[in-house]
Amino acid sequence: MPKLRSEFLRVLTERGFVHQCTDAEGLDARAADGTITAYVGYDCTADSLHVGHLLSIMMLRWLQQTGHRPIVLMGGGTTKVGDPSGRDETRQLLSEAQIDANMASIKASFERFLTFGSGPTDAIMVNNADWLDSLAYIPFLRDFGRHFSVNRMLSFDSVKLRLEREHALSFLEFNYMILQAYDFLELARRHDCVLQMGGSDQWGNIVNGVDLARRIDQRELFGLTCPLITMSSGAKMGKTAQGAVWLNGDRLSPYDYWQYWRNTEDADVGRFLKLFADLPLDEIARLERLEGAEINEAKKILATAATALLHGRAAADAAAQTARETFEHGQAGTDLPTIEMARAELEQGPAAFALFCRSGLTASNGEARRLIKGGGARINDAPVSDEARSLSTDDINAEGYIKLSAGKKRHALVRIV
RNA sequence: GGAGGGGUGCCCGAGUGGUUAAAGGGGACGGGCUGUAAACCCGUUGGCUUAGCCUACGUUGGUUCGAAUCCAACCCCCUCCA
């Protein structure tokens, strides 16, 4: 590829965001010659996005940072259909009320990454239910359905995999790619959007939109996908002890989010810094060269930078501070999850395992008992050896709380009130 | 609508009347080694008031001293036919 003229594509390429592009030269020319508008779509299948969505959010962020206009498309309409990509099973059909609630809950995540408004490069948010809900079946089929070849649709991974594995694929889901293609056309017409971005699993859907716009409007659109990010060990990103790595703070606290990045594997640090932090590339190059235990410094910088992008600088610093106190000084930082217990209850000698469960460190009393048996449970940093161990006011430490630990990394505080 | 195959724990998957809370693998968690890393070794992996009890093999009933395993009906998935 010849040297890139546009800052936008240059930044994305240098940082490792680009997997495939329908026409890199053409897109580069458009982005170099003026302001372009690009979008990424997000379905409302849960009440929070997770780290898997982060890559595309960062692409929108860099788009805006390099002088272009991002559109966040909320899939209020497409969520009613359900994307079969990457799924063995039909998605559970969500009610409109659930979809609306999810959408409202997801929206907040974008506000830290993008600047919304009405200026030329301000981000806007749209909902595809606005045009999909009112489509009339027969006119839609005649105007747009005739441009889709079933032969070709069957060859797309999202469909092919289901068929090969002999799993159910409903006609409802089969329509998803058509609707996504139509979204792109609609955004091109309404907002002069010329580029759709997304994960590599969206390539087929994106290309469909590009093709549709060329056939119907003789409009030239572009598609750009980012790679599927896996950890060096081969595992997919985004799992912690508590489950998915959610972006909403009420699903996963800023402290736990910080911890997620802090525990990045050595081999991934450089790559993740480029993708998920907004540090200058020469700074990242310096951090990447750190070896052995020194690379932990890079991990802390990654964690703080990534957390700051999502939750703000103050929350990131607080998480870093708590981590320092907890791991480097053996104290308990204030950001640790905390539960409260009445003094009267403590005086009755509650079982330790029950408290581990109540604090959220374990999912059940049985799991807490097993943790104790396995030697992974500690109270005020002292290992718990007796499964029947109960707590008393003697366990309150100098600061007025009881510190519970499950393993070396997960801690919780019991504050006595 | 017809014929055949199938639905097992977080996932995959063995199990065709009792010793089955259910082999094996993956994942996850804990311990060891480390650097809050990876790799490797060990352990754990339904719930509870834990020497016991309860709930569980698509659903509901039935046979039996005893069922994930046998029978019936129903629901769902796949393949082929119409």
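Just so it is clear: chains get the letters A, B, ... in the order the sequence lines come, proteins before strands, and each one is counted from 1.
Taking 4.0 angstrom as the limit, A:T326 places none of its side-chain polar atoms (N or O) nearer than this to OP1 or OP2 of B:rU36. Side-chain N/O atoms of A:N365 include none lying less than 4.0 angstrom from OP1 or OP2 on B:rU50. The phosphate of B:rG31 has neither OP1 nor OP2 within less than 4.0 Å of any side-chain N or O from A:K409.
Straight-line distance between the C1' atoms of B:rU36 and B:rC29: roughly 16 Å, to the nearest whole Å. Nucleotides B:rG9 and B:rA56 place their C1' atoms 8 Å apart, quoted to the nearest Å. Across B:rA82 and B:rA73, the matching P atoms stand 27 Å from one another, rounded to whole Å. Separation of the P atoms belonging to B:rU8 and B:rC77 is 14 Å when rounded to the nearest angstrom. A gap of 25 Å separates the C1' atoms of B:rG18 and B:rU50, to the nearest Å. Taking atom C1' in both B:rU49 and B:rA14, the straight-line distance is 35 Å, to the nearest Å. When the P atom is compared between B:rU60 and B:rU55, the two are found 13 Å apart, to the nearest whole Å. The P atoms of B:rC11 and B:rG66 are separated by 31 Å, rounded to the nearest whole Å.
Searching all strands for a Watson-Crick or G-U wobble partner of B:rA68 with both distances below 3.5 Å returns nothing. Pair assignment for B:rA39 gives none, since no Watson-Crick or G-U wobble pairing has each distance under 3.5 Å. Pairing for B:rA22 is absent, judged as Watson-Crick or G-U wobble with the two contacts each under 3.5 Å. Remark: B:rA51 base-pairs with no nucleotide; criterion is Watson-Crick or G-U wobble with both hydrogen-bond distances under 3.5 Å. Base pairing analysis places B:rC80 opposite B:rG2; the two distances defining the Watson-Crick or G-U wobble pair are each below 3.5 Å. Base pairing of B:rG27: its partner is B:rU45, meeting the Watson-Crick or G-U wobble criterion (both donor-acceptor distances under 3.5 Å). B:rA73 is paired with B:rU59 under the criterion used here, namely a Watson-Crick or G-U wobble arrangement in which both key atom distances are under 3.5 Å.
When heavy atoms are screened at a 4.0 angstrom cut-off, A:Q259 is found touching base atoms of the nucleic acid. Nucleic acid contact class of A:K299 (heavy atoms, under 4.0 Å, all strands): base. Counting any heavy atom pair closer than 4.0 Å across all strands shown, A:W261 reaches no nucleic acid atom. Using a 4.0 Å heavy-atom distance criterion, A:G366 is classed as a base contact.
Rounded to an integer number of Å, the gap from A:R271 CZ to B:rA38 P is 15 Å. Atom pair A:N296:CG and B:rA38:C1' shows a separation of 12 Å (rounding to whole Å applied). The separation between A:L302 atom CG and B:rU36 atom P is 17 Å, rounded to whole Å. Rounded to whole angstrom, the span from the CZ atom of A:F272 across to the C1' atom of B:rA38 amounts to 13 Å. Nucleotide B:rA37 holds its P atom 15 Å from the CD atom of A:E297, rounded to whole Å. Rounded to an integer number of Å, the gap from A:R370 CZ to B:rG30 P is 13 Å. Rounded to whole angstrom, the span from the CZ atom of A:R369 across to the P atom of B:rU44 amounts to 17 Å. Summarising the geometry, the separation between CD on A:E387 and P on B:rU44 is reported as 14 Å, rounded to the nearest angstrom.
For A:F8 and A:W62, the gap between ring centers reaches or exceeds 6.0 Å.
With hydrogens and angles left out, the side chain of A:E367 and the base of B:rU45 share no donor-acceptor pair within 3.5 Å. Side-chain to base pairing of A:K408 with B:rU34: one donor and one acceptor N or O lie within less than 3.5 Å of each other.
The pair A:E283-A:R286 meets the salt-bridge criterion, since a charged nitrogen lies less than 4.0 angstrom from a carboxylate oxygen. Look at A:D256 and A:R251 and you find no salt bridge, because none of the NZ, NE, NH1 or NH2 atoms lies under 4.0 Å from a carboxylate O.
Taking every side-chain heavy atom of A:R262 into account, B:rU36 is the closest of B:rU36, B:rG35, B:rG30.
A side chain to side chain contact (heavy atoms under 4.5 Å, CB included) with A:C44 is found for exactly one of A:N127, A:D100, A:I99, namely A:I99.
Within the 3.5 Å criterion, the main-chain N or O of A:N248 finds a donor-acceptor partner in the side chain of A:S48. Of the possible polar contacts, none joining the A:S392 side chain to the A:G349 backbone as a donor-acceptor pair under 3.5 Å is found. Without hydrogens or angle criteria, A:Q64 side chain to A:T121 main chain gives a donor-acceptor distance under 3.5 Å.
Note: A:H50 and A:H53 have tilted aromatic rings, judged against thresholds of 30 and 60 degrees for the angle between ring planes.
In terms of position along RNA chain B, the nucleotide closest to A:A406 lies nearer the 5' end than the nucleotide closest to the other residue of the pair A:A406 and A:D266. Annotation: of the two residues near RNA chain B, A:R324 and A:G375, the 5′-most nearest-nucleotide partner is A:G375.
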